[in-house]
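The chain is numbered in sequence order, starting from 1. Since the structure is predicted, the reported quantities are computational estimates derived from the model, not experimental observations.
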Amino acid sequence: MPISVKWNDRSKALIESQFQDPWTLEQFIDARKAWYRMIKSVDHSVPILLDLRESQTAPNGMLRQFSAIHRSPHPRQGHIYILGWNAIYQKLSQHLFDGVVDPGKSVILVDSIERIFNPE
């Protein structure tokens, strides 16, 4: 499957989504629905990791969907961490994810998974 969705461990502290080319907008929307179901199954805040290291392209309409995961989060959704986003999308990210209403739900670009658990 081009987009996998799983818990990071038994504590269900983080949802990991790995993207592998090629993937579609419909598969992304299905992944987003899976995150919501997973978050609803626990009673704590859950951050989401989008691991894009194996993905260099994005389908049409994708930027709008990325922006939507930030604008309409689940109430218990935590930060969204993006790993491996190419340089062009990194520059666009400040425009896609502006207008943070809740500082606990911001989008953070990271260069390793360790940065999520051990930020500097």
In Å, rounded to the nearest 0.5 Å, how long is the span from CD of Q20 to CG of L52?
12.0 Å
Minimal non-hydrogen separation, R53 against G84, with atom names:
CG-CA, 3.8 Å
Close side-chain approach of I48 and Y81, heavy atoms under 4.5 Å:
no
Is a side-chain N or O of D21 found less than 3.5 angstrom from the main chain of W23, in a donor-acceptor match?
no
Would you give the length of the straight line joining atom CG of L50 to atom CZ of F19, rounded to the nearest 0.5 angstrom?
5.0 Å
Should I82 and V110 count as side-chain neighbours, where that means a heavy-atom distance under 4.5 Å?
no
Atom pair OG/CZ of S45 and R76 - distance to nearest 0.5 Å
9.5 Å
Working to the nearest 0.5 Å, report the span between OG of S17 and CG of L83.
12.0 Å
Determine whether H44 and V46 make a side-chain contact, defined as any pair of heavy atoms from C-beta on separated by less than 4.5 Å.
yes
Only counting residues at least two apart or in another chain, list the ones meeting side chain to side chain donor-acceptor pair (under 3.5 Å) with S11.
D9
Closest non-hydrogen atom pair between V5 and A31, with its separation
CG2-CB, 3.7 Å
Across all chains, not counting sequence neighbours, the side chain to side chain donor-acceptor pair (under 3.5 Å) partners of Q27 are T24
Closest heavy-atom contact between A13 and P47?
O-CD, 3.1 Å
Not counting sequence neighbours, which residues clear salt bridge (charged side-chain N to carboxylate O under 4.0 Å, His left out) with D43? List them please.
none
Using side-chain heavy atoms (C-beta onward) and a distance below 4.5 Å, is H74 in contact with K40?
yes
Which atoms form the tightest heavy-atom contact between S41 and W7, and what is the distance?
OG-CZ2, 3.9 Å
Distance in Å, I39 CD1 paired with K12 NZ, rounded so as to fall on 0.5 Å steps:
12.5 Å
How far does CG of L14 sit from CE of M38, to the nearest 0.5 angstrom?
9.0 Å
